[in-house]
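Below is one structure, written out as structure tokens; the observations come after it.
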Amino acid sequence: MPDSPTTNKNAIWRPYCQMKTAPPPLEIVSAKNFTLQTADGRALIDGMASWWSVCHGYAHPHVIESVAKQLEKMPHVMFGGITHEPAERLATRLATMLPADLNHVFFADSGSVAVEAAMKMAIGYWRRRGKPERQRFLSFDHAYHGDTTGAMSLCDPDRSMHSAYGDAILSQLHCPLPKDPESENLLHEMLSRHQQEVAGVFLEPLVQGAGGMRFHDASTVQRIRRLCDEHGVLLIADEIATGFGRTGSMFAIDTCEIVPDIICLGKALTAGTMTMAVAVARSEVFNAFWSDDVGDALMHGPTFMANPLACAAANASLDLFEREPQVQRAREMQNQLQAGLSPCRTIPGVVDIRTRGAIGVIQVETLPHLDQLRQQFVDAGVWLRPFGDCIYVTPPLNLPTPFVENLCSAIVNVMSSKRFTTSDAQTITPVAQAGLRPSSR
Ligand SMILES: *Cc1c(COP(=O)(O)O)cnc(C)c1O
């Protein structure tokens with residue numbers, strides 16, 4: 001944005017951004033279907049679906065129409081002591097879609113706040129079950145659960161923002177995912193040792209997102225469920241990124257065939273239109289708060305909780321999941337991304353190429369000149385935001401095959417002219433620290 005009497009360059013304090021040194025952000029003036037229109041007249045294929053959220057593409061007519069109707073009727077009304085049809089319908093639909101008795105939907109206004117609400121549900125559950133000392137959480141290496149202070153405490157302490165805030169962050173327990181017998185033992189020991197103080201285990205099932213774009217198998221998730229049962233602690237599935245078809249099933253827990261005690265959903269919930277998330281509890285958790293004592297209520301209530309516009313968008317999105325084969329498309333995209341990105345294997349410094357559903361990741365030894373790389377992708381007609389040691393795509397689930405091919409070939413072309421080996425890097429980003437640092441996600 002040029003400096004002018006109406007725009008002050010530093011009026012906006014930007015996310016994950018060193019304001020002093022970062023290049024100016026890209027100005028987008030409109031977004032339609034699968035492309036972002038830049039202020040300087042370019043059309044970019046969006047490889048990010050705006051941080052996983054735009055699952056049906058931008059400005060889907062059904063979503064727009066539903067939100068427009070709701071806008072005329074009632075853009076907002078407070079949720080304390082009030083209810084409305086869009087929220088009732090959405091909660092009922094989510095409860096029906098989710099397995100078993102994951103039936104009690106708490107509306108939050110962002111993913112991080114849904115995680116905070118889930119933490120309060122779990123801590124409150126144990127207080128009401130006579131175990132008030134259970135108020136810590138265990139999460140896994142490379143975890144990412146959000147940016148608010150409670151959620152931040154659940155992120156991987158070495159690869160997140162812990163170091164920037166020190167002792168101001170709650171102390172939680174962290175260990176590797178139990179992918180093999182050794183790490184399974186470690187989790188078992190940790191839960192045994194801390195059983196009396198652990199309220200719950202937080203897990204991103206199948207895919208860890210902003211903490212490093214790492215995948216694990218259903219068997220790992222099943223192992224965690226079993227260990228939580230054995231030690232009598234709650235399991236909270238954070239499906240804010242993986243929910244709504246992203247991994248090739250509606251929810252990752254469907255693939256894993258497990259039922260968590262609480263599940264958090266967000267990002268694609270409103271098809272990338274408005275900010276809303278939910279924490280959904282099973283009856284066992286919900287019932288702990290069910291009493292004649294008002295002091296037993298769940299004390300949380302964001303101002304814009306269950307915003308009717310956001311609910312209308314979410315209901316429209318669920319209509320599209322019912323009408324169109326979005327989840328199947330995500331499954332098909334896995335092979336298309338694998339085929340399209342595989343030429344990168346021979347590029348110096350490429351460590352791994354992995355795909356799951358509509359997620360493609362190219363992991364490298366090091367990503368030098370990050371800002372320059374982003375600009376080269378823009379020049380090649382695609383919008384990507386590489387971070388840490390990953391170049392990754394999470395496009396709209398219904399991105400048509402020719403777009404997937406163009407996206408992949410742009411990545412291959414840009415990367416082919418470069419090297420990503422640690423020894424070649426002029427400015428080395430230490431991979432060990434590069435997971436999620438300020439100015440990275
Ligand atoms: C994005 C994300 C969050 C935080 O959601 P916000 O809406 O950004 O607050 C939490 N957990 C996971 C797994 C996420 O991907």
Side-chain angles (χ1 to χ4, degrees), residues 79 87-88 90-109 111-139 145-146 148 150-151 153-154 170 172-173 191 194-205 221-222 224-240 242-243 251-254 256-266 269 277-302 305-306:
F79 211 57
E88 294 287 342
L90 177 58
T92 305
R93 292 173 90 178
L94 290 173
T96 307
M97 290 166 77
L98 290 165
D101 57 349
L102 277 166
N103 285 343
H104 307 283
V105 178
F106 187 88
F107 287 101
D109 41 11
S112 300
V113 174
V115 167
E116 300 280 343
M119 293 171 84
K120 287 166 79 169
M121 284 176 182
I123 293 168
Y125 169 80
W126 288 113
R127 291 189 79 81
R128 286 155 185 77
R129 289 280 179 261
K131 294 198 159 66
E133 63 285 357
R134 288 189 170 225
Q135 45 188 338
R136 285 180 88 189
F137 293 92
L138 184 146
S139 63
H145 295 290
T148 52
S153 72
L154 303 167
L170 288 171
Q172 311 290 12
L173 303 161
L191 286 174
H194 297 278
Q195 185 158 9
Q196 294 318 314
E197 51 173 336
V198 175
V201 170
F202 267 87
L203 166 71
E204 295 158 272
V221 177
Q222 290 161 357
I224 294 167
R225 176 70 274 187
R226 200 177 62 240
L227 285 169
C228 286
D229 285 339
E230 281 171 23
H231 293 86
V233 303
L234 300 180
L235 174 61
I236 300 125
D238 180 349
E239 289 225 40
I240 291 167
T242 52
F251 302 108
I253 55 164
D254 298 339
C256 304
E257 299 180 317
I258 62 115
V259 185
D261 299 290
I262 302 171
I263 187 168
C264 297
L265 305 170
L269 174 62
V278 292
V280 186
R282 296 184 71 170
S283 301
E284 168 70 13
V285 174
F286 177 79
N287 288 342
F289 292 77
W290 181 273
S291 99
D292 294 321
D293 183 351
V294 287
D296 278 337
L298 177 59
M299 298 305 284
H300 200 106
M305 183 169 186

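All values below come from the heavy atoms of this structure, side chains included, with hydrogens, waters and symmetry mates left out.
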Excluding sequence neighbours, so at least two apart, what forms side chain to side chain donor-acceptor pair (under 3.5 Å) with R225? D229, D261

If you define the side chain from C-beta out and look only at heavy atoms, does anything of S153 sit under 4.5 Å from M119? yes

Taking all non-hydrogen atoms of both residues, which atom of Q222 and which atom of C256 are closest, and how far apart? NE2-O, 2.8 Å

For R136, salt bridge (Lys or Arg N to Asp or Glu O under 4.0 Å) partners two or more places apart: E197

Residues which pass side chain to side chain donor-acceptor pair (under 3.5 Å) with Q135, listed by chain and number, not counting sequence neighbours: none

Please determine which of V233, L154, L173 meets the side chain to side chain contact (heavy atoms under 4.5 Å, CB included) test together with L138. L173

Can you check whether R128 reaches D296 side chain to side chain, under 4.5 Å on heavy atoms? yes

Does a side-chain heavy-atom distance below 4.5 Å link V280 with L98? yes

Could you report the tightest heavy-atom contact between A279 and A114, atom names first, then the distance? CB-O, 3.7 Å

E257 meets the salt bridge (Lys or Arg N to Asp or Glu O under 4.0 Å) criterion, sequence neighbours left out, with none

For E88, give me all partners under side chain to side chain contact (heavy atoms under 4.5 Å, CB included), at least two apart in sequence or on another chain. T83

Kindly compute the distance separating SG (C228) from CG (L203), expressed to the nearest 0.5 Å. 8.5 Å

Side chain to side chain, Y125 and K131, heavy atoms closer than 4.5 Å: no

Test of understanding: with ring pair (Phe, Tyr, Trp, His ring centres under 6.0 Å), list the residues that count as partners of H300, not counting sequence neighbours. F106

Roughly how far, to the nearest 0.5 Å, is the CD atom of E204 from the CD1 atom of I236? 13.0 Å

Residues forming a ring pair (Phe, Tyr, Trp, His ring centres under 6.0 Å) with F251, sequence neighbours excluded: F244

Contacts of type side chain to side chain contact (heavy atoms under 4.5 Å, CB included), residue D292, not counting sequence neighbours: none

Answer yes or no: is there a side-chain heavy-atom contact under 4.5 Å between L102 and V259? yes

Residue pairs fulfilling salt bridge (Lys or Arg N to Asp or Glu O under 4.0 Å) with at least one residue in residues 93-102, sequence neighbours excluded: R93-D319, R93-E322, D101-R282

Within the structure provided, determine whether I253 and P99 are in side-chain contact (heavy-atom separation under 4.5 Å). yes

Working to the nearest 0.5 angstrom, can you tell me the gap between Q172 CD and H145 NE2? 10.0 Å

Using the test salt bridge (Lys or Arg N to Asp or Glu O under 4.0 Å), find all partners of E284 that sit at least two apart in sequence or belong to another chain. R129

Take atom CZ in R226; do more than 12 heavy atoms of anything else shown fall under 6.0 Å from it? yes

CZ on F289 to CZ on R127, rounded to 0.5 Å: 10.5 Å

How long is the gap from CZ on R134 to CH2 on W126, to the nearest 0.5 Å? 4.0 Å

Is there a side-chain contact between L191 and L227 (heavy atoms, below 4.5 Å)? yes

Shortest non-hydrogen contact between D109 and P302, atoms and distance: OD2-CB, 3.1 Å

Going by salt bridge (Lys or Arg N to Asp or Glu O under 4.0 Å), name the pairs with one or both residues in residues 111-120, residues two or more places apart or in two chains. none

Given 3.5 Å as the limit, does a donor-acceptor pair link the side chain of S112 with the main chain of G146, or not? no

Considering only heavy atoms from C-beta outward, does the side chain of F202 approach that of L235 to under 4.5 Å? no

Any chance you could measure F107, atom CZ, to L94, atom CG, to the nearest 0.5 Å? 6.5 Å

With E239, which residues qualify under side chain to side chain donor-acceptor pair (under 3.5 Å), at least two apart? T242

